[in-house]
Amino acid sequence: MPDAIFQPLTFKNLTVKNRVFRSNIAGRLDNYDGSGNQARINWEVKFAKGGVGAIISSFVPVLIHGRIMPNYATIDSDDKIPFWRAVGKAVHAFDCKYIMQLSHGGRQRDVPGIEFPIGLSSTDRKDPLHGFECKAMTPADIKETVAAFAEGARRAREAGLDGVELHGANGYLITQFLSSAINDRKDEYGGPLENRARFVVDIVKAIRARVGSDFHLQMKISATEFNNALLFLRHELPGNTVTESAQVCRWLVDAGVDSIHVSTGSSFPHPRNPAGSDLPVDVLAQTYEQMISSGMETLRNFLLFRGGLTGDLFRKQWLDAGVPADQIEGLTLPDARAIKQAVTVPVICTGGFQTASIIRAAIDRGDCDAVSIARPLVANNDLVNQFAAGRDKADKPCTYCNKCLVHVVEHPIGCYEESRFASREEMLAEVMTVFHPPAFS
Ligand SMILES: Cc1cc2nc3c(=O)[nH]c(=O)nc-3n(C[C@H](O)[C@H](O)[C@H](O)COP(=O)(O)O)c2cc1C
Ligand code: SF4
């Protein structure tokens, strides 16, 4: 029987050479104004070289108001197109496809920048984890944002990229509309599921009207939201179920979506995404300082992380709300299976994958058509080439320690798990490779 991992995957408008996608992940590699840097190209090339069939970019804001953190390249104006063309060209040299994740953070803005002190959302309610404040979008705001997504898709196409993904997962703006726990609107964009889905369906229709029907468009969705998973958020509503999300996906496919990328959790991060074997509060006690002024609860959280006992308690709560370390690999597969049964388009599943036999079995069973991998590829950029050479797992796998996650707000993106390296110096040297070649060589 041919190896399922290395069978091409054909979508309506795109064929990818194998079944492993680099999931959305990057760091603060670019300029404050949203123009791109060589470091982002270096970052993406690492994974293209390492054998993945396609790279799905990290969040790419369609508007400055919608960015999550500065120093991520944006797609908010035509002058950004040449940079993204260069990214696509560099990745294509390795027979790897490039899909841009179109995003708007809504109220979930870790470091909001100087331009827009208040985020826009479906609601006026601040987010409960960090206390990011926001105001509910007006009909004019909605119209402007829908149009910005369509313009983002048009620019991605003009840049020669292979498709776009809507960031409809992990608590960002589209989730803030979809979620029964977050969206408290009284107009046609709130209330029943069909109304909560209207915003994203409008976006899909606007994209199709702008770029036509022959450009790849996929949607990342948090199938189950687990909005009140944390003990101190038990008073919140649980959020959407996988049954509701399956219905949303059916509407999206009817409106013109070519694939669904299944994730989980109503916020980012969430105890289940990226699911961790640890929450490194000692690192948070340093890097979370970047966020102190961003939300009403961020100073409280920072002080909790800095206290020995309170830090341990926070860490315990976080881990208790997640899954045991030996269940992280493929934790979203049951949701992917449910979505796959509901739609006619290919389904990609994210969450912990790093073992060839587990990935192969998930595809063979029909739980999903492909997997996306973030952290394990940060740990082993060439994991897919290792699978091709017959290895089932890397010698030094990702430990799911989530140090890459908690470093990313302040430090360069990379693997910060010292136990995977001969020394701290070797680890830092590997992290810094993202800056080579430098911008002006
Ligand atoms: C540092 C970091 C940054 C991430 N950035 C994004 C992002 O920009 N957009 C997104 O949809 N998911 C993002 N994710 C989530 C990953 O794409 C992935 O879905 C999640 O980590 C689970 O997969 P994994 O276990 O293979 O890491 C990020 C994860 C990490 C650790
Ligand atoms: S720091 Fe390294 S080992 Fe830890 S989760 Fe990130 S990639 Fe995996």
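Excluded from the calculations below are hydrogen atoms, water molecules and symmetry mates; all remaining heavy atoms, backbone and side chain alike, are included. One-based numbering, in listed order, for ligands and for the atoms of each.
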Should the ring pair Phe232 and Phe314 be called parallel, tilted or perpendicular, given that the plane angle runs from 0 to 90° and is split at 30 and 60? tilted

Using the ring of each side chain (for Trp, its six-membered ring), is Tyr416 parallel, tilted or perpendicular to His407, with breaks at 30° and 60°? parallel

Per-atom contacts of ligand 1 with [X], taking only distances under 4.0 Å to non-hydrogen atoms:
X	answer
His167	9 (N), 10 (C), 11 (O)
Ser23	16 (C), 17 (O), 18 (C), 19 (O)
Asn170	11 (O), 12 (N)
Ser58	8 (O)

With respect to [X], determine whether any N or O atom, backbone or side chain, lies less than 3.5 Å from an N or O atom of ligand 1.
X	result
Glu165	no
Ser372	no
Ile373	no

Return the closest protein heavy atom for [atom] as residue, atom name and distance.
atom	answer
atom 5 (N) of ligand 1	Asn24 O, 3.4 Å
atom 26 (O) of ligand 1	Ala374 N, 2.8 Å
atom 21 (O) of ligand 1	Pro274 CB, 3.4 Å
atom 9 (N) of ligand 1	Gln101 OE1, 2.9 Å
atom 3 (C) of ligand 1	Ile25 CG1, 3.7 Å

[Y] six-ring centre to [X] NZ/CZ under 6.0 Å and within 45° of normal:
X	Y	value
Arg272	Phe226	yes
Arg22	Phe47	yes
Arg67	Tyr32	yes

Counting only heavy atoms, which portion of [X] has something under 4.0 Å from ligand 1: side chain, backbone, both, or neither?
X	result
Gln354	neither
Thr350	side chain
Asn273	side chain
Ala275	neither
Asn402	neither

Determine whether Ile373 and Ile359 make a side-chain contact, defined as any pair of heavy atoms from C-beta on separated by less than 4.5 Å. yes

With 2.8 Å as the limit, jot down which protein N, O or S atoms are around atom 4 (Fe) of ligand 2. Cys401 SG

Between Tyr172, Phe59, Phe268, Tyr400, flag the one that comes closest to atom 29 (C) of ligand 1 by a heavy atom. Phe268

May I ask which of Arg375, Lys220, His407 has a heavy atom nearer to atom 11 (O) of ligand 1 than the others do? Lys220

So, for Phe59 and His167, is the gap between ring centers shorter than 6.0 Å? no

Look at the side chain of [X] and the backbone N and O of [Y], then say whether any donor-acceptor pair between them is shorter than 3.5 Å.
X	Y	value
Asn71	Leu29	no
Lys17	Asp95	yes
Asn42	Val434	yes

Under the side-chain hydrogen bond (donor to acceptor under 3.5 Å, both in side chains) criterion, do Gln101 and Ser58 qualify, and how do the steps go? CA-CA 6 Å; Gln101 185 179 53; Ser58 62; over 6 Å; no

Answer yes or no for Gly351: is there a heavy-atom contact with ligand 1 below 4.0 Å? yes

Return yes when Pro376 approaches ligand 1 closer than 4.0 angstrom through a heavy atom, no otherwise. yes

Can you tell which of Glu44, His92, Lys89 makes a side chain to side chain donor-acceptor pair (under 3.5 Å) with Tyr98? Glu44

Between Ser122 and Gln176, do the side chains contain an N or O donor and an N or O acceptor separated by less than 3.5 Å? no

Give a yes or no on this: more than 12 heavy atoms of other residues, nucleotides or ligands lie within 6.0 Å of atom NZ of Lys393. yes

Determine whether more than 12 heavy atoms belonging to other residues, nucleotides or ligands lie under 6.0 Å from atom NZ of Lys49. no

Is there a salt bridge (Lys or Arg N to Asp or Glu O under 4.0 Å) between Asp278 and Lys403? Walk through the geometry before answering. CA-CA 9 Å; Asp278 194 10; Lys403 288 178 186 153; over 6 Å; no

